[in-house]
Amino acid sequence: MKSSLRVRFAPSPTGYFHVGGARTALYNWLIARKAGGSFVLRIEDTDETRNAEEWVDGIISALSWLGITWDEGPYRQSDRAELYQKAVDRLLAEGKAYWCDCTREEIDRRAKERGGPPGYDGFCRDKHKLKTETSAIRFKIPRPGITVVHDKIRGDVVFDHDNLDDFIIVKSNGLPLFVLANVVDDIDMKISYILRAEEHLPTTPKAILLFQGLGVEELPIFAHVPVLVNAKRQKLSKRRDRVAVEDYKEMGYLAPAMVNYLVLLGWSPGGDREFLTVQEMIDLFDIGEVNHSPAFFDEQKMQHFNGVYIRELTVEEFVENCLHFLEKHDWWVGDSGQRETFSHIAPLVQERVSLLGEVPEMVAFLFQQEIDIPSDLVESVFRKDVKSGQILSEIKEIYAGLGVFSHDELSKVTRAYCDSVGMPLRKVQAPIRVALTGSKVGPPLFESMELVGREMTLSRLTSASELIGAPQP
RNA sequence: GGCCCCAUCGUCUAGAGGCCUAGGACACUACCCUCUCAAGGUAGAGACACGGGUUCGAAUCCCGUUGGGGCUACCA
């Protein structure tokens, strides 16, 4: 049975979709799912100068990726002009709003002359002005008066109407402003629970006055969640901070890991728990437990979460998830041979990465015909260490004579070689690894050599030996 | 400036007046494990912003201070 609880997530498509929006959407989604209510997606695109269709696509794909599903919408405010017009006509007719043709300059000048706080002074309030080319419509704040916001997270917040200006609800170009469109839609869509970021708290009394002006008796429940901040503790901004959900997806974050991290930003299930399934989040989430203070979005911790989630994947799932990242490279053709090779190395890679985006560079040596050894490694591992040339040529002979080119055999003979020359395996493996993979770090060596195969392994060892013998560039 | 919100380790948090010698996680340090790198294990360092109350007792309640943030647009 559907409950009557209805929430909405109402982003504006004025930039890429960032993690703060994702967290707000997630909280809304959780309370809707918990109550068996409805989640409405509404695109607030009334500012035609800042909107772009690509941002709408971004919002939709990011929400889908995160698994935040909507029951209705996406509605677009740009399609709903009639509704706003009707509401404004009513407000005008009832004397709750008025036309104003003051310019910003005039308002500022009067404020300066007045010496008081800046802001609109109600100049046109009772002048019954008519519409002109440049006039806008303002809402008439009832004076005197106070409005109390009953906030689920913050308790009662009292606003004195003396501190509220008669704000504009319709621009001179005829388009509604955010508060108005918001309230009209919330009424029309029967939104019963408004959960949004704290930055909206100061405009909430205006919204409430609008609800009342439009004849609504039972207000929705309000809850203002703390904002997400950057390292300088400023509100996350689309322009300033690179925190697009889409970017994280492309770095190789897993959606469940991101959701798990996000839900913890401002909320905790209590005790020492951190890892939760979506169902547990739905069951346990309680808006009253949400923190009051801003939270820093810590990528490092999210990455750690991602590593944990990656390691919890089955190997098949891991392989499946890696494909997208492998396909970005020209050495990956994705035929059955490559896929099989990758499947063999996958378990060893899976426990070594915390982002799927790290996978390709870790396995590239398996698929590239020619590997590139960085000059600094040639210098430090091959040339600076005088034993390297000897190790490479001797181990090559041993490998060449191997009956079965398997990781067990490779391990056995390499360890025997270590004993014979009195060097630790730690030392011996270094030049071999660099020769084989072009890197000092990577998956376990013997498994890697087995997968690369005898022929290619030997030729890379030979190339490396030649590199050592060659004159320095 | 005005209005509003907020305040526990560097970060995210646990904490609902005695369970707190303040717990966990990320990051950090050391050690163990180890073919590199990870992962894992063990240990360590690290916080109740400050000042007043209330109370037998305060991280927890109240007030103030300080600090941070948000809003103050014909943006959302």
Side-chain angles (χ1 to χ4, degrees), chain A residues 10-15 44-47 49-51 77 100 102-104 116-120 134-138 149 151 153-154 157-160 162-165 167-179 181-182 196-205 224 226-227 229 231-235 261 264-275 291-305 307-308 311 348-354 358 362 410-411 414-415 418 424-430 432-434 437 439-448:
Chain A
S12 64
T14 56
E44 308 232 330
D45 56 352
T46 52
D47 182 5
T49 62
R50 300 203 307 158
N51 294 328
Q77 291 188 324
C100 167
C102 296
T103 62
R104 190 72 236 172
Y120 185 65
T134 59
S135 56
I137 301 174
R138 288 183 184 272
V149 177
D151 191 284
I153 295 174
R154 283 152 217 287
V157 184
V158 182
F159 292 88
D160 192 320
D162 284 349
N163 297 317
L164 264 25
D165 289 344
F167 57 99
I168 290 179
I169 53 177
V170 178
K171 298 183 244 187
S172 52
N173 66 4
L175 291 174
L177 233 31
F178 142 78
V179 202
N182 225 270
R196 68 229 293 204
E198 190 196 340
E199 62 202 279
H200 294 291
L201 185 52
T203 66
T204 303
H224 288 89
V227 293
V229 297
K232 289 159 79 181
R233 303 216 68 87
Q234 298 165 309
K235 181 178 83 166
Y261 176 69
L264 259 21
L265 240 32
W267 175 76
S268 157
D272 295 340
R273 287 201 74 181
E274 287 202 310
F275 291 98
N291 261 292
H292 295 189
S293 42
F296 171 60
F297 180 74
D298 185 1
E299 265 189 67
Q300 251 180 346
K301 183 154 182 175
M302 180 165 74
Q303 191 169 325
H304 173 261
F305 269 53
V308 173
R311 275 172 254 123
L348 301 174
V349 173
Q350 187 173 4
E351 60 185 21
R352 285 176 165 72
V353 296
S354 56
E358 295 167 353
M362 197 171 278
L410 286 160
S411 172
T414 307
R415 285 171 203 275
C418 288
L425 182 53
R426 167 169 42 85
K427 188 100 177 167
V428 170
Q429 62 90 33
I432 303 175
R433 177 182 298 281
V434 171
T437 71
S439 170
K440 278 168 82 175
V441 303
L445 189 59
F446 306 123
E447 282 85 351
S448 297

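Predicted model only: the values in this text are computed from it and were never measured. A note on names: the letters A, B, ... follow the listed sequences, proteins ahead of strands, and every chain is numbered from 1. No hydrogens, no waters, no symmetry mates; every other heavy atom, side chains included, goes into these values.
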Can you tell me, in whole Å, how much space there is between the [atom1] of [N] and that of [M]?
{"N": "G23(B)", "M": "G15(B)", "atom1": "P", "result": "15 Å"}
{"N": "A38(B)", "M": "A47(B)", "atom1": "P", "result": "28 Å"}
{"N": "A59(B)", "M": "C50(B)", "atom1": "P", "result": "11 Å"}
{"N": "A43(B)", "M": "G24(B)", "atom1": "P", "result": "10 Å"}
{"N": "U72(B)", "M": "C9(B)", "atom1": "P", "result": "30 Å"}
{"N": "C74(B)", "M": "G53(B)", "atom1": "P", "result": "48 Å"}
{"N": "U54(B)", "M": "G67(B)", "atom1": "C1'", "result": "25 Å"}
{"N": "U13(B)", "M": "A7(B)", "atom1": "P", "result": "11 Å"}

[N] base / [X] side chain donor-acceptor hit below 3.5 Å:
{"X": "R426(A)", "N": "C35(B)", "answer": "no"}
{"X": "R352(A)", "N": "C37(B)", "answer": "yes"}
{"X": "S172(A)", "N": "C74(B)", "answer": "yes"}

Closest approach to the side chain of [X], judged atom by atom: which nucleotide of [options] is it?
{"X": "T46(A)", "options": "G70(B), A76(B), A14(B)", "value": "A76(B)"}
{"X": "F178(A)", "options": "U11(B), C4(B), A76(B)", "value": "A76(B)"}
{"X": "V441(A)", "options": "C37(B), C4(B), A76(B)", "value": "C37(B)"}
{"X": "Q234(A)", "options": "A76(B), U13(B), G70(B)", "value": "G70(B)"}
{"X": "R311(A)", "options": "A76(B), C71(B), G40(B)", "value": "G40(B)"}
{"X": "N291(A)", "options": "U13(B), C12(B), A76(B)", "value": "U13(B)"}
{"X": "P118(A)", "options": "A76(B), G1(B), C4(B)", "value": "G1(B)"}
{"X": "E199(A)", "options": "A27(B), G24(B), C71(B)", "value": "C71(B)"}
{"X": "K301(A)", "options": "G69(B), C75(B), C12(B)", "value": "C12(B)"}
{"X": "F446(A)", "options": "A25(B), U11(B), C35(B)", "value": "C35(B)"}

Does a nitrogen or oxygen in the side chain of [X] sit under 4.0 Å from OP1 or OP2 of [N]?
{"X": "R154(A)", "N": "G70(B)", "answer": "no"}
{"X": "R415(A)", "N": "C35(B)", "answer": "yes"}
{"X": "R104(A)", "N": "A73(B)", "answer": "yes"}
{"X": "K235(A)", "N": "C71(B)", "answer": "yes"}
{"X": "S268(A)", "N": "C12(B)", "answer": "no"}
{"X": "N51(A)", "N": "A76(B)", "answer": "no"}
{"X": "K232(A)", "N": "G68(B)", "answer": "no"}

Ring centres under 6.0 angstrom apart (F167(A), Y120(A)): no
Any donor-acceptor N/O pair, Y261(A) side chain to E299(A) backbone, under 3.5 Å: no
Closest-nucleotide ordering on RNA chain B, the 5'-leading residue of K440(A) and G119(A): K440(A)
Pairwise 5' ranking along RNA chain B for R433(A) and L265(A), keeping only the more 5' one: L265(A)
Residue pair R433(A) / S448(A), side-chain donor-acceptor N/O under 3.5 Å: no
With E199(A) via side chain to side chain donor-acceptor pair (under 3.5 Å) - residues at least two apart: K235(A)
Sugar-phosphate only, base, or nothing, as touched by A430(A) at under 4.0 Å among non-hydrogen atoms: nothing
